4 protein chains.
Amino acid sequence: MTPSARPLRADALRNRALIVDAARRLFAERGLDVTLHDVADAAGVGVGTVYRRFPDKDALLGGLVAAKYEALVELAEKASTEATGRDGLRRYLMSTMELRAGDRSLSTAVLRAAPQTEEATELRARLAAAMTALVARAQAEGAVRRGFSPDDVPAVTSMIGSIADRTREESPGAWRRYAELLLDAVCPPDGDLPPLSGEPLAPPTPGVCRSRP
Amino acid sequence: MTPSARPLRADALRNRALIVDAARRLFAERGLDVTLHDVADAAGVGVGTVYRRFPDKDALLGGLVAAKYEALVELAEKASTEATGRDGLRRYLMSTMELRAGDRSLSTAVLRAAPQTEEATELRARLAAAMTALVARAQAEGAVRRGFSPDDVPAVTSMIGSIADRTREESPGAWRRYAELLLDAVCPPDGDLPPLSGEPLAPPTPGVCRSRP
Amino acid sequence: MTPSARPLRADALRNRALIVDAARRLFAERGLDVTLHDVADAAGVGVGTVYRRFPDKDALLGGLVAAKYEALVELAEKASTEATGRDGLRRYLMSTMELRAGDRSLSTAVLRAAPQTEEATELRARLAAAMTALVARAQAEGAVRRGFSPDDVPAVTSMIGSIADRTREESPGAWRRYAELLLDAVCPPDGDLPPLSGEPLAPPTPGVCRSRP
Amino acid sequence: MTPSARPLRADALRNRALIVDAARRLFAERGLDVTLHDVADAAGVGVGTVYRRFPDKDALLGGLVAAKYEALVELAEKASTEATGRDGLRRYLMSTMELRAGDRSLSTAVLRAAPQTEEATELRARLAAAMTALVARAQAEGAVRRGFSPDDVPAVTSMIGSIADRTREESPGAWRRYAELLLDAVCPPDGDLPPLSGEPLAPPTPGVCRSRP
DNA sequence: CATGAATGAGCGTTCATTCAT
DNA sequence: AATGAATGAACGCTCATTCAT
């Protein structure tokens with residue numbers, strides 16, 4: 001059950017990497033409804049090649065999941081080095097929201113999905129532990145909204161994700177304003193709340209179309 | 001042969017209303033992925049009739065906005081009767097989020113969409129005015145997060161919508177916990193913040209399916 | 001559960017007939033592995049039209065089944081009018097084999113398949129009854145190989161079918177020789193057995209290809 | 001650079017043998033729809049190697065014929081040692097049908113295919129001679145259905161094959177009943193015909209799946 | 001020579017949209 | 001005007017065959 005078999009040939013490895021890169025990029029940009037044809041085209045290979053490496057779409061997605069968990073765990077672990085629980089939690093939440101803002105598939109594939117592999121399950125457990133510690137430490141400082149649970153993190157991140165997904169094209173950083181709002185709601189900064197940074201989303205102007213979700 | 005739209009025949013008007021009603025219901029319940037066949041069936045007309053009235057799906061969505069704007073305006077106007085600016089804004093935000101939680105298409109059709117008709121443009125203006133007043137009054141009381149703009153309301157509502165859409169099936173009221181969090185972030189209650197109500201979303205358990213968005 | 005709804009429009013009826021005709025022809029000629037694209041092309045319609053009338057391939061096939069059962073029942077009932085049990089059974093077997101020789105899908109869709117609709121189940125029962133009667137009557141005359149059962153008819157027919165399918169192109173009537181052989185085995189003629197009619201299948205000559213099943 | 005095929009290298013020969021062995025086994029068990037990937041895997045070589053030796057699937061099938069002819073010739077020669085022509089022919093037919101019942105690809109590869117190599121052509125000639133002798137001897141005893149030709153043997157065997165292929169899973173010996181029927185039709189036993197042995201194939205029961213051929 | 005990675009047409013099926021009736 | 005039949009590109013996926021390594 002180890003990766004096993006013999007290592008892939010050089011060109012196969014290269015193509016696998018191309019596929020994974022293309023998939024990561026497309027899923028991040030456009031969410032889960034990209035087709036494997038799209039992925040194959042973006043990778044510069046035929047569909048068959050994608051299916052040779054990944055039995056189906058979920059498997060391809062699943063192949064990206066471990067790396068995403070790792071990134072989240074790393075964010076959590078880096079955040080724990082902050083001097084205060086407050087700063088640690090704030091840093092973690094902000095960096096996680098940032099990761100999600102850049103990756104449309106993070107919620108569906110990772111935050112809201114059950115881990116499908118042993119590796120993912122283990123990473124998720126590590127992540128959960130780290131988040132619990134971050135929240136507990138900040139809680140001990142009285143820095144967190146009472147009742148807030150580590151299990152609320154995915155919801156908060158997803159909310160920011162939904163804004164980010166909708167505004168990526170027209171104003172890529174717009175999500176930060178709402179991230180700040182949420183962050184301050186969960187774990188307010190030490191002193192007074194500053195005014196919200198950035199600008200609100202401009203309401204759409206009459207007559208211009210919008211279309212697809 | 002008159003230059004612009006001549007009034008519709010009586011039966012055409014009736015059909016338009018049937019279509020709009022059915023669309024409102026289906027889009028609210030099942031989101032944007034209902035087919036226009038579904039809408040036509042629910043309205044008791046043929047697909048062709050739907051397409052005769054609305055060039056495409058987006059236009060049909062657009063056809064719903066007037067009613068939705070009206071509902072929002074009504075909420076805003078009711079909210080203005082509250083004794084304080086704080087209560088008025090809180091009530092408005094909460095009721096808007098509630099409306100959105102019950103209507104999967106509210107964001108796309110109204111919050112994020114430009115008004116396409118004169119009627120919609122006008123209603124949107126009334127709504128904007130009401131929201132501005134609500135925010136200004138609360139702002140004057142120092143009850144609002146500094147920098148918060150009436151233009152932020154759609155974003156806040158959308159965030160709750162994204163949570164509500166994802167949890168409608170398994171735990172229909174789950175969005176309230178996050179609505180409370182956001183509401184308190186925008187316009188905190190008078191005294192101390194209470195602990196968050198409700199429970200966080202349970203994380204998915206390993207081994208369960210992933211599948212389609 | 002009756003055919004119900006309102007009758008189809010004239011053009012839809014015509015297309016439905018075109019589809020059914022094309023399907024009947026193609027399935028008969030080429031067996032079950034024709035694609036619905038092939039059927040659609042042969043019918044001169046788009047694939048979508050086929051799927052509008054028949055939810056899937058099995059349904060299309062199923063739509064042909066009733067007519068096939070009817071044909072078989074009719075053969076059985078005509079055969080029962082023969083003066084003797086021997087002649088009746090011989091006539092029935094021969095005509096059934098003939099039907100099968102002309103229709104590549106008869107075995108899979110009817111003879112070896114379970115009936116899927118009420119109508120088909122009923123027709124199958126009628127057919128079974130008629131076959132039982134035919135065999136019993138011939139049996140009473142001592143005209144049938146001992147131990148032969150009505151349930152053996154599909155097997156016998158299928159065997160002839162397999163020969164017919166393989167020889168349809170090069171020598172369309174070749175199956176008759178083997179039909180005779182089988183028929184005489186099941187229910188020998190009254191007098192002496194005549195020599196086999198026709199010619200054996202010429203063995204393939206060296207060097208010529210054959211290919212697909 | 002010699003005009004025609006130069007002898008293969010030792011390892012190439014070994015691979016060819018591995019491929020042919022694997023192909024024989026898989027085609028016999030699972031029929032013609034095994035993929036060449038399956039064959040390659042079972043042989044422990046790459047697909048490319050299979051295609052290097054055999055231009056396509058048909059050619060690979062062709063590569064199996066020699067061994068199959070040898071088996072048939074052996075059956076024919078053993079059968080000739082029987083005391084009577086009747087017994088010889090009956091034994092030959094029965095053993096050939098048995099061979100076919102155990103080998104899904106025998107018909108396509110041998111019975112219906114033209115020999116493609118010199119070796120195959122020669123073996124086929126030997127087989128034809130042996131069959132002719134068997135039939136002639138039995139014919140001389142009056143033991144054979146008049147008109148029956150050695151060229152009819154493949155057809156008879158194929159018919160049994162078609163039954164065997166369809167029933168292998170559910171009732172592996174079911175073909176014997178029909179083999180007996182055919183055998184008695186071609187070359188009846190010495191005394192009275194016994195009742196058919198075994199049971200007829202049970203008709204499929206309503207409501208069970210249909211699906212793929 | 002051997003390998004297995006790569007290909008892409010084709011499978012059964014869906015659905016937003018068009019157009020003959 | 002209203003209908004719903006018709007369309008066909010696109011979906012996720014398979015596999016016989018080719019060709020770079």
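Because the structure is predicted, anything quoted here is derived from the model rather than measured. Chain A is the first sequence line, chain B the second, and so forth, proteins listed ahead of strands; every chain is numbered from 1.
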Legend entry - By side chain to side chain donor-acceptor pair (under 3.5 Å) - contacts of C/R14 (at least two apart):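 Scan of C/R14 (side chain to side chain donor-acceptor pair (under 3.5 Å), adjacent residues dropped) gives none.
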
Inset, instruction - Could you pull out all residues at least two apart from A/D41 that satisfy side chain to side chain donor-acceptor pair (under 3.5 Å)? - result: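 None.
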
Using atom [atom1] of [X] as one end and atom [atom2] of [N] as the other, report the distance to the nearest whole Å.
X	N	atom1	atom2	answer
B/H37	F/dT3	NE2	P	12 Å
A/L60	F/dG12	CG	C1'	13 Å
A/D41	F/dA10	CG	P	11 Å
B/I19	F/dA2	CD1	P	8 Å
C/D38	E/dC11	CG	P	6 Å
D/R16	E/dA2	CZ	P	12 Å
D/L18	E/dC1	CG	P	17 Å
A/F54	F/dT14	CZ	C1'	18 Å

Please determine whether a side-chain nitrogen or oxygen atom of [X] lies at a distance below 4.0 Å from atom OP1 or OP2 of [N].
X	N	answer
D/Y51	F/dT17	yes
D/N15	E/dC1	no
B/T35	E/dC15	no
A/T49	E/dA5	no

Inset, instruction - Would you sketch DNA chain F in dot-bracket for me? Only Watson-Crick or G-U wobble pairs with both distances under 3.5 Å count, crossing pairs as [ ], other-strand pairs as |, the rest as dots. - result: .||||||||||||||||||||

Legend entry - Separation of C/D38 CG from C/R30 CZ (nearest 0.5 Å):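 With rounding to 0.5 Å, CZ (C/R30) is 4.5 Å from CG (C/D38).
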
Inset, instruction - Starting from the 5' end of DNA chain E, give me the residue, C/P55 or D/V50, whose nearest nucleotide shows up first. - result: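 That would be D/V50.
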
Legend entry - Contact nearer the 5' end of DNA chain E, comparing A/R14 with D/R52: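 So the residue in question is D/R52.
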
Inset, instruction - Please tell me which of A/L36 and C/V45 maps to the more 5' nucleotide of DNA chain F, matching each residue to the nucleotide holding its nearest heavy atom. - result: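 That would be C/V45.
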
Inset, instruction - Locate the shortest heavy-atom distance separating C/K57 from C/F27; write the atom from each residue and the value. - result: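 So the two residues come closest at CE-CE2, 4.4 Å.
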
Inset, instruction - Among E/dG4, F/dA5, F/dA2, find the nucleotide with the atom closest to the side chain of D/V47. - result: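 Nearest nucleotide to the side chain: E/dG4.
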
Inset, instruction - Output yes when B/D103 and B/K68 qualify as a salt bridge under the 4.0 Å nitrogen-oxygen rule, no when they do not. - result: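 Result for this pair is yes, salt bridge flagged.
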
Legend entry - Non-hydrogen side-chain atoms of C/R112 and D/R166 separated by less than 4.5 Å: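 Side chain of C/R112 against side chain of D/R166, heavy atoms only: contact under 4.5 Å found.
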
Legend entry - A/R104 and A/R168, any side-chain heavy atoms less than 4.5 Å apart: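 With C-beta onward as the side chain, the pair touches.
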
